[in-house]
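Take a look at the structure set out below.
Only a predicted model underlies this, so the values are computations on that prediction, with no experimental measurement involved.
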Amino acid sequence: MTPKVVRSSKFRHVFGTPVKADQCYDDIKVSQMTWDSNFCTVNPKFLAVVVDSSGGGAFMVLPLSKTGRVDKSVPVVCGHTAPVLDIEWCPHNDNIIASGSEDCAVMIWEIPDGGLIRPLTEPVVTLEGHSKRVGIVTWHPTASNVLLSAGCDNVVIIWNVGKGEPVITLDDIHTDIIYSAAWNYNGSLIVTSCKDKKVRIIDPRKGDVVVEKEKPHEGSRPVRAVFVSERKILTTGFSRMSERQVAVWDTKKFNEALTLQELDTSSGVLLPFFDPDTSIVYLCGKGDSSIRYFEITDEAPYLHYLSMFTSKESQRGMGYMPKRGLEVNKCEIARFYKLHERKCEPIVMTVPRKSDLFQEDLYPDTAGPDPAIDADEWFSGKNSQPILISLKDGFVQTKNKEFKVVRNVLESKTVARKSPSADSGLHSDSAVSSLIEEVKKLKAKVESQEKRIAELEEKVGK
């Protein structure tokens, strides 16, 4: 009998650990909406969670350090007039976040360092172009101020956020509701999944479908798709018998899956999170209490099951920390922010290593916060790989990087479109100058009165 050979992989023993109770975020009213989005987004500075709110839509933004019980009076971002369906932090600026809502609008918000001290109702830019609710917002991975949004009007719009205008509108490709949309590594292509049971790879600047696959999964439940390499995509969906499936496809030979695995019979949609540095994909099911993770390789069977993190409580959504926000000295390769009904619980994925030294094989250079190109360059046809940074000494964000994109957004907001916040800025400038004039007049009056009093005192003294 031939002994079974165990495949060698440095990620074979990755394990998940929930943080201690005092490091969770408690008493958060997580949104009850049934929309299949993450409801949570996180970066090295802030955690943002879509919350229930009366009379409109809101999401909460907390500094990562503000763990423990969240006060009921904590200010929220509440500019939408209907429930918020999706949020995502800008990869090139940790203070900028985009939100899509049932009110058909996409809004861009600027969060001050240290978090909110009062409710935020005025967005930096409001992007209006969808005729039905907006369920997907996702930033371009390498170009600054480029945002993709997809709505229930079956339209994908790519915006130049700096100018507050739609540049590309794909309105004749999808025939039904769009379930997911994701960029490839350098942002030259997008992959979408749709209720019409097709997965499409689209060149957005040409407006062409490069290749499409009908019924990647036989079932009628929602399908999700993400790029896992230059020519491979991963999809999650359901079989005709409602079993959950995960598959890997070669986009050059799209007629048949490279591998297709059946997982279980749960009903929740599997949300894939792919890490291009380690080639690990994490599958988090809505309503599940587990996170499965697989390693993707270039040889058959292409998708290798690694392990599964399980807990008692089911998840309502999931946030995924960018690689530059991890603790590299603890061999942490991923961190998830799991939404319960009333709290958010970080889950740390770790590779067991005995040494405390920096593990170069676990942390290749990763995408940094600097954009490789600007919006105009990308819209004119230029592509660029992400600008990589080393995590060896831990990532330190500089002030220059922090404000570069914010300043672009603010400048173009006042130039390109006349928004209420721009008008209020002009009013405040004139109010300040009139106050200064008034103070000068009062100062002169006080001086003349003092002079007169001195003269009167002198007379009385004589």
Side-chain angles (χ1 to χ4, degrees), residues 37-38 40-48 59 61 64 86-100 106-111 113 124-125 127 136-150 158-162 180-191 204 226-228 271-278 282 318-326 334-337 363-379 382-391 394-409:
S37 78
N38 302 342
C40 178
T41 182
V42 65
N43 68 22
K45 279 188 180 181
F46 299 108
L47 166 73
F59 60 94
V61 177
L64 281 189
D86 197 19
I87 51 175
E88 186 172 287
W89 289 107
C90 175
H92 308 125
N93 190 303
D94 289 342
N95 296 67
I96 296 290
I97 187 169
S99 60
V106 177
M107 293 184 179
I108 311 298
W109 308 86
E110 183 192 356
I111 307 299
D113 283 333
V124 177
V125 185
L127 306 172
I136 299 166
V137 289
T138 178
W139 293 91
H140 193 283
T142 64
S144 63
N145 289 343
V146 177
L147 179 74
L148 178 150
S149 66
I158 300 177
W159 307 82
N160 184 337
V161 173
S180 73
W183 298 94
N184 66 349
Y185 187 61
N186 70 353
S188 59
L189 300 171
I190 57 173
V191 59
V226 291
F227 279 96
V228 292
L271 308 175
F273 296 90
F274 177 65
D275 177 6
D277 300 334
T278 58
Y282 303 86
M318 195 69 77
Y320 179 64
M321 174 67 80
K323 192 62 71 74
R324 58 194 172 89
L326 303 180
R335 192 189 310 153
F336 290 92
Y337 286 74
Y363 301 104
D365 288 355
T366 190
D370 279 344
I373 51 177
D374 64 31
D376 292 332
E377 287 176 313
W378 185 80
F379 284 118
K382 186 177 178 182
N383 292 322
S384 182
Q385 298 297 320
I387 296 174
L388 303 181
I389 58 169
S390 170
L391 297 175
F395 174 69
V396 179
Q397 191 162 26
T398 63
K399 289 285 178 187
N400 294 343
K401 289 176 184 171
E402 210 165 303
F403 290 99
K404 190 162 59 178
V405 179
V406 179
R407 200 153 45 228
N408 288 351
V409 171

For the student: nearest non-hydrogen atoms of [X] and [Y], plus distance:
X	Y	value
V137	S99	CG1-C, 4.2 Å
P272	V226	CG-CG1, 4.0 Å
N186	S384	CB-O, 3.5 Å

Give a yes or no on whether the backbone of [Y] and the side-chain of [X] come within a donor-acceptor separation of less than 3.5 Å.
X	Y	result
N43	D94	yes
H92	G368	no
N184	F227	no
E110	V124	no
T138	L148	no
N38	G319	no
W89	T41	yes

- Query: Any side-chain heavy atom of Y185 within less than 4.5 Å of one from P386?
  - Reply: yes
> Do I97 and F46 have side chains that get closer than 4.5 Å, going by heavy atoms?
Replying inline: no
Taking atom types as modelled and ignoring hydrogens, do the side chains of N95 and D113 form a donor-acceptor contact shorter than 3.5 angstrom? yes
- Item | Between T366 and D277, a side-chain donor and acceptor under 3.5 Å | yes
